[in-house]
> 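Mind having a look at this structure? Questions to follow.
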Amino acid sequence: MQYLRLKKKKDFLKVLKAGKRAHCRSLSVIYFPSDAVKMAVCVGKKYGKSVKRNRIKRLLREAFRSVQGSVSPACSFLLIPKEAEEYSYAAFRRDILCILNKEKLLEDKGNAAHKGKCPLPKA
RNA sequence: CGAGCGGGCUGCGCGGCCGCGGCGCGUGAUUUCACGCGAUGAGGAAAGUCCGGGCAUCACAGGGCAGGACGCCUGAUAACGUCAGGUGAAGGCGACUUCAAGGAAAGUGCAACAGAAAUAGACCGCAGCGAGUUUUCGCUGUAAGGAUGGAAAGGCGAGGUAAGAGCUCACCGACGGGACGGUAACGCCCCGUGCCAUGUAAACCCCGUCCGAUGCAAGUUUGGGCUCUGUUCAUAUGGGCUGCCCGUCCGAGCAGAGCCGUGAAUAACGCUUGAGCCCGUCGGUGACGGCGGGUGUAGAUAAAUGACCGCGCUCGACAGAACCCGGCUUAUAGGCCCGUCUCGGAUC
RNA sequence: GGCCUUGUGGUCAAGCGGUUAAGACGGCGCCCUCUCACGGCGCAAUCCCGGGUUCGAUUCCCGGCAAGGUCA
């Protein structure tokens, strides 16, 4: 496992209080600098029953896993999806990359390569 | 051929690649951890939490009251409010389906409006007698008919009568007794009683059976030790075991400050082999039980099944384990199978 | 995961099995006033949903749905 999971309530509160927020079409991200790349997903009861919630969590984790190798300053991330009728892997991945780009959290050398590869063919 | 009835099964499949949970083995490290390989990883309802158990703690699970649940009979079961077979009632042409199906002369309550009257009586009637020229009025008898209502003191027909009435009789119903069949609920037959009294017990209640309470956030173990201060209660005027009483057990509990220590809503156990599942056979109408053989593979804790590609088809519903079982209830796209099953039509 | 509670106009809510389903705030319409406010009159309810018991259910019973509370 290359990224760590946020588990303690203390850590959650710290990120929620001090972190920076960034928003995109399908989700919001709150992040705060830390010693390693950490991630957590926030999916409450309002998103639906357990099957639906599990689906959202899997999609978010998979989307984050595919991009986490190129995050350069290590941060703790909270991923908060927006309520919608349908959720898709492609949209989550695109919007995470979009936010990382906007907040300049991608690695410098990988940035150019990823910019050419990933987001452009989808858009 | 069409329309049904009853019962049962299944719940997209295959391959490639990246990734996740715990398990086993190996290597490096030898406390945590990292890498590789291997097999494995959500349901028929996992859901609702509506019942019943196991398990754990409360001294040993004890007594009484209160409270709650259930309620035709017999059986099955660890147990049940579940299941099986039967009885009765209601519905359907029928296969079949549905039913919280004890007690209303133990007692209490309630029955709005309408109607004369709601558990008691006479508005219109019908008939007799009296008054009156007539219209009509008064008294008495009556409950067949009308009207009201969910319900009006058995139903219907005949006799009877001033008019009527179980007043009398036949049949049906009700109640009581007896014989027979059945383990029983009950069925059926015979005899007797003119009939003694509405409904409601998913109103209180009575009778019978059962239930101690709390629930895995139960509970057990480790880490956190030393010093000081304050406070509560101390042999019952406190606290725990239950809502109350009896009975019984306990000597400490809580808060703050300082030092060391710190993952502390934490870690480990509980945590998955259990009334297990499959096959055969025997007993039983059946639920189920006995015997023999085989199989044993989710155990997470911010909480594991996903992304992409290819192929096939009917283009995939409801939906995600959290201590574990037996049921019930609710949600559910489709697909398949079974029946000396039922009804209707056509042909032979 | 366990254990509980509550659903009545837009909101807060009363309600003995038989009611025209009280009230209060708010909304709309009319009256009053030169106009506004105050005041007066009127209107608006699938009693959360589906069955059952009963002559009759917002009320009693059963099953769903939704919202909320609580725990070491």
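Chain letters run A, B, ... following the sequence lines, proteins first and then strands; every chain starts at 1.
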> Is the side chain of A/Asp95 donor-acceptor paired with the backbone N or O of A/Ser26 at a distance under 3.5 Å, no angle test?
yes

> Once rounded to the nearest 0.5 Å, what's the spacing between atom CZ of A/Arg55 and atom OG of A/Ser50?
14.0 Å

> Does the A/Tyr47 side chain pair with the main chain of A/Pro81, one donor and one acceptor, at a distance under 3.5 Å?
yes

> Identify the two heavy atoms, one from A/Cys98 and one from A/Cys24, that lie closest to each other, and give their separation to 0.1 Å.
SG-SG, 3.9 Å

> List in chain and number order the residues that pass ring pair (Phe, Tyr, Trp, His ring centres under 6.0 Å) with A/Tyr87, two or more places apart in sequence or in another chain; answer none if no residue qualifies.
none

> How many angstroms lie between atom OG of A/Ser28 and atom CG of A/Leu78, to the nearest 0.5 angstrom?
11.0 Å

> Considering only atom C1', compute the distance from C/rA24 to C/rG9 and round it to an integer number of Å.
13 Å

> The side chain of A/Lys57 lies closest to which of these nucleotides: B/rA304, B/rG19, B/rA319?
B/rA304

> Between B/rA307, B/rA42, B/rG306, spot the one nearest the side chain of A/Tyr89, thanks.
B/rA307

> Can you list everything that forms a side chain to side chain contact (heavy atoms under 4.5 Å, CB included) with A/Ser76? Sequence neighbours excluded, please.
A/Leu6, A/Val15, A/Ser34, A/Lys38

> Between B/rC210 and B/rC343, how far apart are the C1' atoms? Round to whole Å, please.
48 Å

> How many Å lie between CD on A/Glu62 and C1' on B/rA304, as a whole number?
14 Å

> CD1 of A/Ile80 versus C1' of B/rA302: gap in Å, rounded?
14 Å

> Compare the minimum distances between each of B/rA304, B/rC18, B/rU305 and the side chain of A/Arg58, then state the nucleotide with the smallest one.
B/rU305

> Using both distances under 3.5 Å as the test, list the Watson-Crick or G-U wobble partner of B/rG199, or none.
B/rC110

> CZ of A/Arg65 versus P of B/rG21: gap in Å, rounded?
12 Å

> Which whole number of Å gives the distance between the P atom of B/rG103 and that of B/rG199?
12 Å

> For B/rG44, measure the glycosidic angle (O4'-C1'-N9-C4 for a purine, O4'-C1'-N1-C2 for a pyrimidine) and name it syn if it falls within 90° of 0, otherwise anti.
syn

> Could you work out the separation of B/rG4 and B/rC180 based on their C1' atoms and round it to a whole Å?
43 Å

> For C/rC3, give its Watson-Crick or G-U wobble partner with both distances under 3.5 Å, or none.
C/rG69

> With both distances kept under 3.5 Å, what pairs with B/rG24, Watson-Crick or G-U wobble?
B/rC37

> Can you tell me, in whole Å, how much space there is between the P of B/rG94 and that of B/rU10?
36 Å

> Taking atom C1' in both C/rU20 and B/rC113, what distance in whole Å separates the two?
14 Å

> Both A/Val41 and A/Leu59 contact RNA chain B. Which one's nearest nucleotide lies toward the 5' end?
A/Val41

> Expressed as a whole number of angstroms, how long is the span from A/Asn54:CG to B/rA300:P?
17 Å

> Rounded to the nearest Å, what distance is computed from the NZ atom of residue A/Lys49 to the C1' atom of nucleotide B/rA46?
13 Å

> Could you state the CZ-C1' distance from A/Arg53 to B/rA46, rounded to the nearest angstrom?
14 Å

> Given that both distances must come in under 3.5 Å, which nucleotide forms a Watson-Crick or G-U wobble pair with B/rC167?
B/rG159

> Specify the glycosidic conformation (syn or anti) of B/rA42, with syn defined as within 90° of 0.
syn

> If I pick the P atom on B/rG71 and the same atom on B/rC80, what distance separates them, to the nearest angstrom?
13 Å

> Which base, if any, makes a Watson-Crick or G-U wobble pair with B/rC254, both distances under 3.5 Å?
B/rG230

> Does C/rU19 adopt a syn or an anti glycosidic conformation, taking syn as a chi angle within 90° of 0?
syn

> Can you check whether A/Arg61 has a side-chain N or O nearer than 4.0 Å to OP1 or OP2 of B/rC18?
no

> In whole Å, I'd like the distance from the OH atom of A/Tyr47 to the P atom of B/rG320.
18 Å

> Rounded off to whole Å, could you give me the CD1-to-P distance for the A/Ile56 and B/rU305 pair?
15 Å

> Between B/rC5 and B/rC93, how far apart are the P atoms? Round to whole Å, please.
14 Å

> Can you tell me the base-pairing partner of B/rU49? Count Watson-Crick or G-U wobble geometry only, both distances below 3.5 Å, and say none if there is no partner.
none

> Could you let me know what B/rU183 is paired to, Watson-Crick or G-U wobble, both distances under 3.5 Å, or none if it's on its own?
none

> In Watson-Crick or G-U wobble terms, both distances under 3.5 Å, what is the partner of B/rC210?
B/rG68

